[in-house]
Protein chains: 2
Amino acid sequence: MANNLDGFFSALADPTRRAVISRLTTGPAAVSDLHAPHDMALPSFLKHLGKLESAGLIRSEKVGRVRMVHIEAAPMAEAEAWLKQQRRLWEGRLDRLSALAEHIEKEDRDG
Amino acid sequence: MANNLDGFFSALADPTRRAVISRLTTGPAAVSDLHAPHDMALPSFLKHLGKLESAGLIRSEKVGRVRMVHIEAAPMAEAEAWLKQQRRLWEGRLDRLSALAEHIEKEDRDG
DNA sequence: GATTTACTTAGCCATATGGCTAATAATCTT
DNA sequence: AAGATTATTAGCCATATGGCTAAGTAAATC
């Protein structure tokens, strides 16, 4: 179970690429459609798609002269899981600290 | 409500920095302690801390000649929320597709 | 079959990133 | 006060990143 968190996070560390992901949550689209809203030359935009694809966040197939792109869910879930776990650990520590604080408070109160 | 997702995600797009975050979920630590497990010169490591701090993921204060570092939760939650929402949208679409599929299936069955 | 459409490839450029060493500063410790 | 610790700053270097133009390929369309 290699973790591709490097690729996942760096792929999402760009507004153009996050916009593409957002767009793709509403359904697959052709490269030119994805490109349209972005004020950027097509080759530049293709690099972004390339990065998303090599991070495993999207996939694409060529249909005639058009390349259709769709989102891939699993990697998003993996990144989300990492964040969730870190937060859980952090909150767990807070809970223990808070329990400790209560314990100390109780000791102070009861002697 | 500016979103610092760029900074957040690119800060997490590095194993050294993710390791620091993981370590900090167990509690605050001095710079030299955080540095110890990493086979890297201290100035290089400091750049990583700097990036985490400017992304808002950690904070630090100097106590004597030691700098104590602790994690900051809110930004992690923000990044996690973004991922969660994208996944929710994506899954929502799948649900609608699946509902449509059922509808069509029903039509086929019932004429 | 010529033209348009939709990418694709090649290559250039500026800046950012992630590493290093060496020198400096500030604070303990002896 | 001297020395050891713990950063910090300055500056160098190689590679990665994100943008561009120009030229090429492959599939529709006229």
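Chain letters run A, B, ... following the sequence lines, proteins first, then strands; residues in each count from 1. Only heavy atoms go into these numbers, but all of them, side chains included; no hydrogens, no water, no symmetry mates.
A donor-acceptor pair is defined here as one N or O able to donate and one able to accept, closer than 3.5 Å; such a pair exists between the side chain of A:R18 and the backbone of A:L12. Between the side chain of B:H35 and the backbone N or O of B:L46, no donor-acceptor pair lies under 3.5 Å. Checking side-chain atoms of B:N4 against main-chain N and O of B:G7 turns up no donor-acceptor pair under 3.5 Å.
The minimum heavy-atom distance linking A:L5 with A:W82 is given by the pair CD1-CD1, 3.4 Å. Considering all non-hydrogen atoms of both residues, B:K51 and B:A11 come closest at O-CB, 4.4 Å.
If you take CG of A:D6 and C1' of C:dT17, they are 13 Å apart, rounded to a whole angstrom. Here the C1' atom of nucleotide C:dT17 and the CZ atom of A:F9 are 19 Å apart, to the nearest Å. Atom P of nucleotide C:dG18 and atom CG of B:L42 are separated by 17 Å, given to the nearest angstrom. The CG atom of A:D39 sits 8 Å away from the P atom of D:dC20 (whole-angstrom rounding). To the nearest angstrom, P of C:dT8 lies 13 Å from NE2 of A:H35.
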Can you check each nucleotide of nucleotides 22-30 of chain D against protein heavy atoms at under 4.0 Å and return B for base, S for sugar-phosphate only, - for none, in 5' to 3' order?
B----BS--
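Counting only heavy atoms from C-beta outward, the side chains of A:H70 and A:E61 approach each other to under 4.5 Å. A heavy-atom distance below 4.5 Å is not found between the side chains of A:T26 and B:L89.
Contacts between residues 44-60 of chain B and DNA chain C, counted as heavy-atom distances below 4.0 Å, involve B:S44, B:K47, B:H48, B:K51.
Under the rule for a side-chain contact (heavy atoms from CB on, under 4.5 Å), the partners of B:A30 that lie at least two apart in sequence or sit in another chain are B:S32, B:D33, B:V66, B:M68.
The side chain of A:T16 places no N or O atom within less than 4.0 Å of a non-bridging phosphate oxygen (OP1 or OP2) of D:dG18.
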